[in-house]
2 protein chains.
Amino acid sequence: MDLQPLPAAKSLDLDDLHIIEPLCAVFRRKLKSVGQKYTPERAQILDAIIQMDDVFQADQLIERLKKSQFRVSKATAYRTIKLLADAGIIQQVLFGADQAHYQLAYGKRSSGLLVDVDTKQITPIDAPEIAAWRDRICRERGLKAEGHRFVIYARSVNVQ
Amino acid sequence: MDLQPLPAAKSLDLDDLHIIEPLCAVFRRKLKSVGQKYTPERAQILDAIIQMDDVFQADQLIERLKKSQFRVSKATAYRTIKLLADAGIIQQVLFGADQAHYQLAYGKRSSGLLVDVDTKQITPIDAPEIAAWRDRICRERGLKAEGHRFVIYARSVNVQ
DNA sequence: GTCGGTGCAAATGCTTTGCATTGAT
DNA sequence: ATCAATGCAAAGCATTTGCACCGAC
């Protein structure tokens with residue numbers, strides 16, 4: 001898989017109305033629909049992700065899991081991250097970074113991220129007009145938008 | 001370096017007016033300003049990049065260089081890619097891909113990329129309003145925009 | 001008892017780096 | 001002579017995978 005297939009958008013069609021449904025239930029349902037199991041390890045990993053501050057990296061997640069009494073191997077963490085991405089529950093964000101960054105995506109409408117290049121702090125931004133504009137661009141070209149990524153790099157005006 | 005510092009924006013302040021200047025001259029000047037040399041290898045690599053179709057990956061570039069009679073080692077290719085990025089002549093784009101993708105950036109005002117998830121074809125899109133949004137969002141938070149990345153993932157409507 | 005899941009360790013593959021050599025000023 | 005650049009091979013490092021074992025239905 002070279003470019004990210006963005007399965008998030010694929011499922012949002014159906015799932016937009018289910019935002020009240022807890023993520024673990026969503027995950028369980030998605031797994032069952034492809035004959036896979038909702039194991040304690042997978043539940044644990046999803047829990048840890050939910051408890052983390054928005055954007056996270058695989059090693060941060062693994063570190064957090066290590067601290068919990070319920071141990072999960074690195075391999076399972078990576079495998080589950082991929083499952084969650086396929087299910088549209090998380091999605092990969094950011095680039096120009098050496099590691100992949102992920103973010104909860106299911107039921108969210110975040111339009112993009114604001115990265116402070118000095119502090120490395122990452123803030124989600126919400127701008128619905130971006131999605132509308134995205135859809136128009138695609139329509140003009142006979143395409144259907146599956147999703148988008150928008151990242152702004154910025155720094156404080158008073159610094160420098 | 002974890003997150004991309006986007007040196008492009010840093011230099012665009014000064015260089016917006018020099019779009020007529022050939023890229024090799026820009027590169028030479030940037031190198032000289034930090035006591036580095038514009039070597040035949042570096043010239044060759046920049047040439048190859050200019051001849052490539054917009055977005056490229058390191059291994060595509062290396063492949064192209066291999067075919068030319070003037071051989072350049074992989075190490076030098078990677079080192080020069082980094083120099084060019086630092087100089088703001090190219091910038092890293094895309095994510096969710098296993099390899100880094102780069103694009104000529106100097107003097108360009110391309111607002112984003114449109115990725116066809118089926119064909120993997122990548123089309124630059126140009127929309128000044130994105131930069132306007134970016135600047136507004138930053139201003140509202142007391143930040144100064146250094147740059148942005150915008151990627152739309154889409155597929156043909158007639159395909160499924 | 002069949003299938004998928006897990007953990008470990010080994011492998012993979014892009015990218016970086018150490019080092020000896022070479023070239024320019 | 002000095003100082004940076006190059007090429008090669010080796011190292012790094014995030015991520016993936018092969019394989020043996022385990023547990024659920």
Side-chain angles (χ1 to χ4, degrees), chain A residues 1-4 24 27-28 30-46 48 55-66 68-87 90-102, chain B residues 1-4 24 27-28 30-46 48-49 55-66 68-87 90 92-102:
Chain A
M1 168 174 34
D2 187 23
L3 295 175
Q4 191 158 310
C24 53
F27 194 25
R28 183 164 42 218
K30 300 256 183 189
L31 286 170
K32 184 176 267 182
S33 75
V34 288
Q36 295 182 314
K37 296 165 190 167
Y38 184 67
T39 66
E41 286 84 1
R42 290 174 182 174
Q44 184 77 7
I45 289 168
L46 178 52
V55 178
F56 68 94
Q57 301 166 52
D59 66 341
Q60 294 173 347
L61 174 64
I62 290 163
E63 194 58 30
R64 189 184 194 98
L65 289 166
K66 250 192 208 130
S68 79
Q69 57 181 164
F70 192 110
R71 294 302 178 81
V72 174
S73 76
K74 200 195 299 189
T76 298
Y78 275 106
R79 285 191 273 237
T80 305
I81 284 175
K82 183 163 278 180
L83 285 175
L84 286 164
D86 288 346
I90 62 175
Q91 64 182 195
Q92 207 177 337
V93 292
L94 282 196
F95 42 176
D98 43 0
Q99 276 182 55
H101 290 61
Y102 301 88
Chain B
M1 171 172 34
D2 188 23
L3 296 173
Q4 192 156 310
C24 55
F27 194 26
R28 183 163 41 217
K30 300 256 183 191
L31 287 169
K32 184 175 270 184
S33 74
V34 288
Q36 295 182 314
K37 296 165 192 168
Y38 186 67
T39 65
E41 286 84 0
R42 291 175 182 174
Q44 184 76 7
I45 290 168
L46 178 53
I49 288 173
V55 178
F56 68 94
Q57 301 167 53
D59 65 341
Q60 294 174 346
L61 174 64
I62 290 164
E63 194 58 28
R64 189 185 194 98
L65 289 167
K66 250 192 206 128
S68 79
Q69 58 182 162
F70 192 110
R71 295 301 178 83
V72 174
S73 77
K74 199 195 300 188
T76 298
Y78 274 105
R79 285 191 272 239
T80 304
I81 284 175
K82 182 162 280 181
L83 285 174
L84 287 164
D86 288 346
I90 63 176
Q92 208 177 336
V93 292
L94 284 196
F95 44 175
D98 44 358
Q99 276 181 57
H101 291 62
Y102 302 87

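The chains referred to below are lettered A, B, ... by the order of the sequence lines, with proteins before strands, and numbering in each begins at 1.
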For the residue pair [X] and [Y], what are the closest heavy atoms and their distance?
{"X": "A/Ala48", "Y": "A/Leu61", "result": "CB-CD1, 3.7 Å"}
{"X": "A/Val93", "Y": "A/Tyr102", "result": "CG2-C, 4.1 Å"}
{"X": "A/Ala58", "Y": "A/Gln99", "result": "N-OE1, 4.4 Å"}

Where do A/Glu63 and A/Gln60 land on the side chain to side chain contact (heavy atoms under 4.5 Å, CB included) test, with the steps shown first?
CA-CA 5 Å; A/Glu63 194 58 30; A/Gln60 294 173 347; 5.5 Å; no
OP1 or OP2 of D/dA4 less than 4.0 angstrom from a side-chain nitrogen or oxygen of B/Gln36, does that happen here?
no
Could you tell me whether the phosphate oxygens of C/dT6, OP1 or OP2, come under 4.0 Å of any side-chain nitrogen or oxygen in A/Thr39?
yes
Protein and nucleotides 20-25 of chain D: nitrogen or oxygen contacts under 3.5 angstrom:
none

Roughly, in whole Å, what's the span from [atom1] in [X] to [atom2] in [N]?
{"X": "B/Ile45", "N": "D/dA5", "atom1": "CD1", "atom2": "P", "value": "12 Å"}
{"X": "B/Tyr78", "N": "C/dT15", "atom1": "OH", "atom2": "P", "value": "4 Å"}
{"X": "B/Phe56", "N": "C/dT15", "atom1": "CZ", "atom2": "P", "value": "11 Å"}
{"X": "B/Asp59", "N": "C/dG13", "atom1": "CG", "atom2": "P", "value": "12 Å"}
{"X": "A/Lys82", "N": "C/dG4", "atom1": "NZ", "atom2": "P", "value": "18 Å"}
{"X": "A/Leu83", "N": "D/dT16", "atom1": "CG", "atom2": "P", "value": "12 Å"}
{"X": "A/Ile81", "N": "D/dT15", "atom1": "CD1", "atom2": "C1'", "value": "10 Å"}
{"X": "A/Leu31", "N": "C/dG4", "atom1": "CG", "atom2": "C1'", "value": "12 Å"}

Is the closest side-chain heavy-atom distance between [X] and [Y] below 4.5 Å?
{"X": "A/Glu41", "Y": "A/Thr80", "value": "no"}
{"X": "A/Lys82", "Y": "A/Tyr78", "value": "no"}
{"X": "A/Ile90", "Y": "A/Phe56", "value": "yes"}

Separation of B/Thr39 OG1 from B/Ile45 CD1 (nearest 0.5 Å):
7.5 Å
Is a donor on one side and an acceptor on the other found under 3.5 Å between the side chain of A/Arg71 and the backbone of A/Lys66?
yes
Would you mind telling me which of C/dT15, D/dT15, D/dA5 lies closest to the side-chain atoms of B/Arg42?
D/dA5
Please tabulate the protein-to-nucleotide N/O contacts below 3.5 Å involving nucleotides 7-11 of chain C, giving atom names and distances.
from, atom 1, to, atom 2, distance (Å)
C/dG7, OP1, A/Arg71, O, 3.3
C/dG7, OP2, A/Ser73, N, 2.9
C/dG7, OP2, A/Ser73, OG, 2.9
C/dG7, OP2, A/Thr76, OG1, 2.7
C/dG7, N7, A/Arg79, NH2, 2.8
C/dG7, O6, A/Arg79, NH2, 3.3

